[in-house]
Amino acid sequence: MTERDLESLQAATFVRTIRHRPESVSTNTDALDWSRELGRRDLPALLLADRQTGGRGRGANRWWSAEGALTFSLLIEPLEHGVPMPQWPALSLTVGAAIAEALSGFAPGADVRLKWPNDVYIGGRKASGVLIESPPDASQRLVIGIGINVNNSPEHAPPEVRARAVSLAEVLGGPQPKLPVLQAVLQQLEVDLAALATKHPSLLGRWRRLCLLTGRSVLITDSGRATAGTCLGLDDDGALRVQTGHTIERLFSGVVTEFE
Ligand code: BTN
């Protein structure tokens with residue numbers, strides 16, 4: 001991305017500070033370090049890399065980030081956007097749904113869905129993943145790391161990724177400029193953070209429509225604890241409802257290890 005691209009991105013979005021790197025091991029790791037240099041007025045801050053060599057994922061996942069992928073991390077203080085800590089569990093879903101909404105705008109006829117809590121699937125294959133972390137010395141801040149398969153072809157991915165990944169370029173039949181995708185995601189995220197802050201009912205309706213897991217059998221692991229059952233959809237506060245035998249569990253976090 002050029003200097004001009006970055007200037008136009010800053011003008012068109014709520015991002016106040018941008019750092020662009022041709023290569024990063026992990027934009028999340030860089031953003032966690034960068035946080036120490038940044039004051040509240042510098043946020044939201046965006047760390048963007050053309051290539052990532054050691055992208056990290058949720059749980060034990062790594063993130064396959066080949067050339068052509070869009071990989072970035074956004075450093076924010078949710079309270080500055082009117083989102084207090086008790087609402088943070090819903091942030092994960094908010095981010096995933098904002099990405100799904102933005103990607104739908106590029107692929108209007110495609111089946112773009114949200115796999116709780118924040119993976120975006122297109123046509124049953126994963127197009128985006130999110131890793132949210134907090135800087136150890138600044139618990140009021142979050143690093144929201146986002147990877148979107150824009151032009152990276154899953155053809156060149158490791159075999160375990162190939163079958164379940166898809167890129168926007170594949171869906172649309174040709175390469176896509178990354179800047180409009182990044183801009184659309186950031187703009188949607190700003191709108192949706194404001195909606196979360198006011199608990200706007202449209203947000204929940206959209207999450208429910210996007211939910212890929214509703215009605216399916218799921219196995220979800222969180223800190224070594226496994227929950228297996230049938231997904232009943234999302235509760236009003238964004239928790240995932242899972243029927244396990246006679247009880248209904250409400251989950252705010254976890255990694256979906258299986259679903260069918
Ligand atoms: C997952 O699907 O498990 C989450 C993947 C998150 C990947 C993104 S790419 C940008 C940012 N930097 C990282 O190291 N990870 C996130």
Side-chain angles (χ1 to χ4, degrees), residues 1 9 15 18-35 44-76 91-100 102-103 112-122 124-136 141-152 154 157-158 160-168 178-179 181-182 185-186 189 210 212-213 218-223 240 251-259:
M1 249 174 245
L9 190 68
V15 165
I18 300 182
R19 181 175 276 183
H20 173 234
R21 300 223 150 125
E23 188 171 288
S24 158
V25 174
S26 155
T27 59
N28 261 37
T29 306
D30 286 347
L32 289 168
D33 286 346
W34 191 31
S35 171
L46 175 75
L47 202 143
L48 175 69
D50 292 337
R51 271 183 311 281
Q52 215 181 214
T53 52
R56 295 185 286 110
R58 300 174 61 240
N61 291 353
R62 279 172 47 86
W63 178 254
W64 165 71
S65 19
E67 194 78 36
L70 177 59
T71 48
F72 62 97
S73 298
L74 187 70
L75 186 62
I76 64 163
L91 268 172
S92 198
L93 208 53
T94 308
V95 173
I99 300 168
L103 296 187
V112 183
R113 305 292 286 276
L114 176 66
K115 189 188 123 213
W116 179 92
N118 50 28
D119 287 343
V120 177
Y121 273 55
I122 306 182
R125 291 191 288 162
K126 182 162 165 170
S128 169
V130 178
L131 175 67
I132 302 182
E133 298 177 299
S134 193
R141 292 187 176 182
L142 289 179
V143 168
I144 301 173
I146 300 178
I148 304 177
N149 298 331
V150 176
N151 294 318
N152 43 326
E160 69 280 7
V161 174
R162 208 177 302 148
R164 53 180 190 90
V166 72
S167 69
L168 207 54
K178 287 199 263 184
L179 180 67
V181 178
L182 176 57
V185 170
L186 293 171
L189 195 54
L210 284 169
L212 178 70
L213 300 179
V218 292
L219 175 60
I220 297 171
T221 335
D222 191 17
S223 314
L240 193 77
L251 306 178
F252 276 104
S253 60
V255 175
V256 181
T257 38
E258 285 172 32
F259 64 102

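Being a predicted model, the structure only gives us computed values, none of them experimental. When a ligand or atom number is given, it counts from 1 through the structure's own listing order.
In this structure, the side chains of L168 and I122 come closer than 4.5 Å at one or more pairs of heavy atoms.
A search for side chain to side chain donor-acceptor pair (under 3.5 Å) contacts involving S73 returns T27, N28, not counting sequence neighbours. Partners of D33 under the side chain to side chain contact (heavy atoms under 4.5 Å, CB included) rule, at least two apart in sequence or in another chain, are R36. Residues satisfying the side chain to side chain contact (heavy atoms under 4.5 Å, CB included) criterion with P136, sequence neighbours excluded, are absent altogether.
Note: L189 CG to I146 CD1 = 6.0 Å, rounded to the nearest 0.5 Å.
Ligand 1 lies under 4.0 Å from heavy atoms of S26, T27, N28, Q52, G55, R56, G57, R58, N61, W63, T71, F72, S73, D119, K126, G129, V130, L131, G145, I146, G147.
For the residue pair N152 / S167, no side-chain donor-acceptor distance below 3.5 Å is found, with atom types taken as modelled.
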